[in-house]
Amino acid sequence: MLFVPLPFVNALLLALVFVFLKQSNGTTATRAFLTLIALCCLQSVILGLRWGYEIEALRFVLPVLAALLPPLAYESFRGLVDQSRPGMFRLAAAPLAALIILALVLFAPILVDGALIILFLAYALALAGIAWRGPDGLGLARLDSATSAHRALWLAAFCLSLSAGFDLVILFDFERSGGSHAALLVSNANIISLLLIGLAALTAGRAQTETNSEPEPAPQSATSEDAEILARIDALMTTQRLYRDDTLNLTRLARRAGLPARQVSQAINRVRGMNVSRYVNDFRIKDVCTLLRQNGVTVTEAMYRAGFSTKSNFNREFLRAIGMTPDQWRKAESRDLEQKNL
């Protein structure tokens, strides 16, 4: 009977994730996530060959590939914050990390595990630092996707921390039992982490919101300047209907207003007590309701015309704002209209 290691199954799932993301989105930012998913897939294959078929030579390859993962994950998510040209150190971070680990593998193998743990934890903290800014900190993520991309960012940070934690457990296992559980620990740890990172990359790369249940920022004292900024943004929304652009993001919105993105985000947070994504979606929901009052306009047509790009996000946002589904709302509107005509 043919033996198929579990990491191969994981690699197949990651390959499907890769194809799905590549077909759905081909932007520059997405290419970084595609590279990240491809690396996770390759690691799963090497992992299956190493521990499933006991190809001993591959034990030198796995640490080097592992060293590429944290800096590549960081650069992928960093692209949702800005796409300014990175410095030479950031460009060289991944190959430099791989070269350092390769040197340790060849000349000081006892230090490899410790170096990887430090590397993974350092980049986990770096990702958490980006995530700490909230969804509005992802200025280049589509506004209807900022919340899911933000969650994916936290998930990626968690996965890097999880990998570091499992490496520590494996070190202790070698100390206490000579590594008798190492194969099982390594396989399970990498399968979980690689698959979760792949799914996080898919979510952030596609930039599609799955839910907006994240708590709104606590309202702060608004200033007169905040009110003026919000009035300018409101005018852009009502006169130019910027919300109808399904690729709208915070950076583009701020550029149209002629203001720094941070000022726009803070003004909306302080005056309205919500993040920019929800602020824009409220305009979209109002527009959908206006369109649905017209004869012959379907819910799907109204959804796309108002700027929503996915049905799941639209349905959840409509339910949040109106308290019922679009079909229920339309039926209620029809009943109200009939009663008025009686």
Side-chain angles (χ1 to χ4, degrees), residues 21 24-30 32-33 77-84 130 133-153 203-212 214 216-217 226 229-291 299-318 320-321 326:
L21 178 57
S24 65
N25 198 326
T27 63
T28 302
T30 302
F33 288 107
F77 283 94
R78 186 78 173 78
L80 296 176
V81 179
D82 68 68
Q83 290 179 341
S84 58
I130 298 176
R133 306 173 192 175
D136 288 348
L138 305 177
L140 293 179
R142 287 204 320 262
L143 288 176
D144 71 338
S145 72
T147 300
S148 65
H150 181 243
R151 289 195 182 93
L153 181 53
T203 304
R206 291 188 68 221
Q208 291 185 346
T209 302
E210 293 301 325
T211 177
N212 264 326
E214 180 173 317
E216 296 294 346
D226 291 332
I229 290 173
L230 188 61
R232 188 187 303 187
I233 302 298
D234 283 341
L236 286 173
M237 288 293 176
T238 54
T239 60
Q240 299 184 26
R241 294 181 176 179
L242 292 184
Y243 57 83
R244 285 194 168 187
D245 179 4
D246 63 354
T247 63
L248 185 66
N249 56 43
L250 175 57
T251 300
R252 189 175 302 173
L253 176 61
R255 190 180 299 122
R256 292 293 295 271
L259 295 165
R262 186 172 181 82
Q263 283 190 7
V264 172
S265 173
Q266 288 179 341
I268 293 173
N269 289 345
R270 290 170 181 166
V271 178
R272 296 289 174 83
M274 61 178 64
N275 60 39
V276 180
S277 175
R278 183 154 293 182
Y279 167 79
V280 173
N281 280 339
D282 281 347
F283 279 96
R284 289 170 173 165
I285 293 298
K286 291 178 183 177
D287 195 19
V288 167
C289 291
T290 300
L291 292 169
V299 172
T300 301
E301 181 184 356
M303 176 194 81
Y304 286 123
R305 284 174 59 181
F308 286 101
S309 57
T310 64
K311 289 185 178 180
S312 59
N313 182 45
F314 164 67
N315 288 331
R316 290 186 177 93
E317 282 296 284
F318 197 97
R320 172 194 63 80

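Residues take their numbers from the sequence shown, with the count starting at 1. For clarity, every value in this text was computed on a predicted model and none was experimentally measured.
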Minimal non-hydrogen separation, [X] against [Y], with atom names:
X	Y	answer
Ile229	Val264	CG2-CA, 4.3 Å
Ile285	Ala321	CG2-CB, 4.0 Å
Met274	Asn269	O-OD1, 2.6 Å
Leu248	Leu242	CD2-O, 3.6 Å

Check: [X] side chain, [Y] main-chain N or O, donor-acceptor pair, under 3.5 Å:
X	Y	value
Ser265	Ala261	no
Asp136	Val276	yes
Arg284	Phe308	no

Worksheet item: Hey, what do you get for CG (Asp282) to OG (Ser277), rounding to the nearest 0.5 Å?
Response: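 OG of Ser277 is found 9.5 Å from CG of Asp282.
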Discussion item. Within this structure, what is the OG1-CG distance for the pair Thr239 and Asp234, rounded to the nearest 0.5 Å?
Written reply: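 With rounding to 0.5 Å, OG1 (Thr239) is 10.0 Å from CG (Asp234).
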Is any side-chain heavy atom of [X] less than 4.5 Å from a side-chain heavy atom of [Y]?
X	Y	value
Val280	Met237	yes
Tyr304	Asp246	no
Phe77	Leu138	no
Asn313	Met303	no
Val288	Pro326	no
Leu230	Ile268	yes

Fill in: Salt bridge flag under 4.0 Å for residues Asp287 and Arg241
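Salt bridge between Asp287 and Arg241, a charged N being under 4.0 Å from a carboxylate O: no.
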Practice prompt. Show the numbers, then the answer: is there a salt bridge (charged side-chain N to carboxylate O under 4.0 Å, His left out) between Arg272 and Asp226?
Written response: CA-CA 10 Å; Arg272 296 289 174 83; Asp226 291 332; over 6 Å; no
Discussion item. Whether the Arg278 and Asn281 side chains hold a donor-acceptor pair (N or O, under 3.5 Å, no angle test) is what I'd like checked.
Written reply: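 The criterion, which ignores hydrogens and geometry beyond distance, is not satisfied for Asn281 and Arg278.
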